[in-house]
Amino acid sequence: VQLQASGGGLVQAGGSLRLSCAASGFRFDYYAIGWFRQAPGKKREGVGCINVSGSKTSYVDSVKGRFTVSRDNARNTVYLQMNNLKPEDTAVYSCAALLVAGDYVPITWETYGMDYWGKGTQVTVSS
């Protein structure tokens with residue numbers, strides 16, 4: 001089982017990045033996928049989550065309207081498009097898979113025990 005986040009980097013405030021999360025070794029289309037981030041000295045935070053079919057998403061308030069989660073089940077990949085980045089978005093971003101019984105995003109998905117975690121990718125936003 002593997003989840004690998006990629007696409008991080010250094011960007012100026014107001015810029016954009018697209019992160020990818022490539023999955024292998026499990027039935028990707030059975031799992032909701034969440035993006036998390038952790039900044040130095042801070043708790044890990046759920047950023048956004050997408051359901052199995054890709055028709056539903058949920059976001060933390062601080063990124064609504066700026067970040068978009070999407071998925072391509074044919075490629076076993078989930079994306080996090082981040083626009084209008086701010087210095088406070090600086091963090092290590094990771095993806096995680098959650099086995100769900102239906103095609104939905106749990107209301108408190110960020111508190112669930114995720115089944116699989118991937119290694120993160122660093123995003124740094126300069127002011």
Side-chain angles (χ1 to χ4, degrees):
V1 172
Q2 189 172 15
L3 284 168
Q4 181 64 58
S6 62
L10 173 64
V11 64
Q12 288 188 331
S16 297
L17 280 175
R18 188 176 83 153
L19 306 185
S20 298
C21 172
S24 62
F26 62 99
R27 280 298 301 268
F28 182 73
D29 56 350
Y30 283 5
Y31 290 76
I33 303 295
W35 282 98
F36 294 79
R37 66 185 179 186
Q38 188 164 20
K42 295 190 176 180
K43 290 177 61 176
R44 185 170 60 203
E45 174 185 44
V47 175
C49 188
I50 191 165
N51 67 335
V52 165
S53 66
S55 63
K56 300 180 179 68
T57 53
S58 176
Y59 301 95
V60 68
D61 285 347
S62 60
V63 308
K64 284 180 181 176
R66 301 189 298 122
F67 289 13
T68 302
V69 182
S70 61
R71 68 189 292 162
D72 182 343
N73 286 345
R75 296 178 183 269
N76 283 10
T77 302
V78 171
Y79 305 97
L80 178 64
Q81 177 68 44
M82 306 185 293
N83 298 327
N84 191 22
L85 282 159
K86 303 176 181 181
E88 52 264 41
D89 295 318
T90 295
V92 175
Y93 285 71
S94 304
C95 54
L98 177 66
L99 183 64
V100 290
D103 194 14
Y104 68 103
V105 176
I107 294 176
T108 56
W109 64 272
E110 69 277 10
T111 67
Y112 280 52
M114 308 303 275
D115 294 282
Y116 304 121
W117 283 91
K119 291 184 179 180
T121 185
Q122 175 71 46
V123 172
T124 303
V125 185
S126 63
S127 58

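Everything numeric in this text was worked out from a predicted model, so none of it was measured.
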Original post:
Looking only at atom types and distance, does a side-chain atom of Thr77 sit under 3.5 Å from a main-chain N or O of Arg75, one as donor and one as acceptor?
Top reply: yes
Original post:
Going hydrophobic residue to hydrophobic residue with side-chain gaps under 4.5 angstrom, can you get from Tyr112 over to Val100?
Top reply: yes
Original post:
What is the distance from atom NZ of Lys42 to atom OG1 of Thr90, rounded to the nearest 0.5 Å?
Top reply: 9.5 Å
Subject >> Candidate pair Tyr79 and Thr68, rule side-chain contact (heavy atoms from CB on, under 4.5 Å), full reasoning >> reply: CA-CA 8 Å; Tyr79 305 97; Thr68 302; over 6 Å; no
Subject >> Sole residue of Arg37, Gln38, Gln122 in side-chain hydrogen bond (donor to acceptor under 3.5 Å, both in side chains) with Tyr93 >> reply: Arg37
**OP:** Would you kindly confirm whether Val1 and Leu99 end up in one hydrophobic cluster when ILVMFWY residues are joined by side chain heavy atoms under 4.5 Å apart?
**Re:** yes
Original post:
Roughly how far, to the nearest 0.5 Å, is the CG atom of Leu85 from the OG1 atom of Thr124?
Top reply: 10.5 Å
Original post:
Counting distance only, does the side-chain N/O of Arg71 pair as donor-acceptor with the main-chain N or O of Asn51 below 3.5 Å?
Top reply: yes
Original post:
Does Asp89 reach the side chain of Met82, with side-chain heavy atoms less than 4.5 Å apart?
Top reply: no
Subject >> Any donor-acceptor pair under 3.5 Å from Arg18 side chain to Gly7 backbone >> reply: no
Original post:
Taking atom OG of Ser16 and atom CZ of Phe67, what is their separation to the nearest 0.5 Å?
Top reply: 9.5 Å
**OP:** Go through the steps to decide whether Glu110 and Cys49 satisfy the test side-chain contact (heavy atoms from CB on, under 4.5 Å), and finish with yes or no.
**Re:** CA-CA 8 Å; Glu110 69 277 10; Cys49 188; over 6 Å; no
**OP:** Determine whether Val63 and Val105 fall in the same hydrophobic cluster, where Ile, Leu, Val, Met, Phe, Trp and Tyr are linked whenever their side-chain heavy atoms lie under 4.5 Å apart.
**Re:** no
**OP:** Provide the closest heavy-atom pair for Thr111 versus Thr108 in the form atom of the first, atom of the second, distance.
**Re:** OG1-O, 2.7 Å
Original post:
Hey, would you say the Tyr59 and Trp35 ring centroids sit under 6.0 Å apart?
Top reply: no
Original post:
Can you tell which of Tyr30, Phe28, Phe26 makes a ring pair (Phe, Tyr, Trp, His ring centres under 6.0 Å) with Tyr116?
Top reply: Phe26
**OP:** Using modelled atom types only, decide if a donor and an acceptor are shared between the side chain of Asn73 and the backbone of Val52 within a distance under 3.5 Å.
**Re:** yes
Subject >> Exam field: side chain Thr57 to backbone Ile50, donor-acceptor pair closer than 3.5 Å >> reply: no
**OP:** Please round to the nearest 0.5 Å and tell me the distance separating atom CH2 of Trp109 and atom CD1 of Ile33.
**Re:** 11.0 Å
Original post:
Is Val47 reachable from Val11 through a run of I, L, V, M, F, W or Y residues, each pair having side-chain heavy atoms under 4.5 Å apart?
Top reply: yes
Original post:
Among the clusters formed by ILVMFWY side chains lying less than 4.5 Å apart, do Val125 and Val60 turn up in the same one?
Top reply: yes
Original post:
Within the side chain of Arg66, is there an N or O that forms a donor-acceptor pair under 3.5 Å with the backbone of Asn84?
Top reply: yes
Original post:
Atom CG of Leu3 and atom SG of Cys95: how far apart are they, to the nearest 0.5 Å?
Top reply: 4.5 Å
**OP:** Would you give the length of the straight line joining atom CG of Asp103 to atom NZ of Lys56, rounded to the nearest 0.5 angstrom?
**Re:** 5.5 Å
Original post:
For the residue pair Pro87 and Ser127, what are the closest heavy atoms and their distance?
Top reply: CG-CB, 3.8 Å
**OP:** Measure across Phe36 and Gly46 and return the closest heavy-atom pair with its distance rounded to 0.1 Å.
**Re:** CD2-CA, 3.6 Å
Original post:
So Ser62 and Glu88, side-chain contact (heavy atoms from CB on, under 4.5 Å) or not? Walk me through it.
Top reply: CA-CA 10 Å; Ser62 60; Glu88 52 264 41; over 6 Å; no
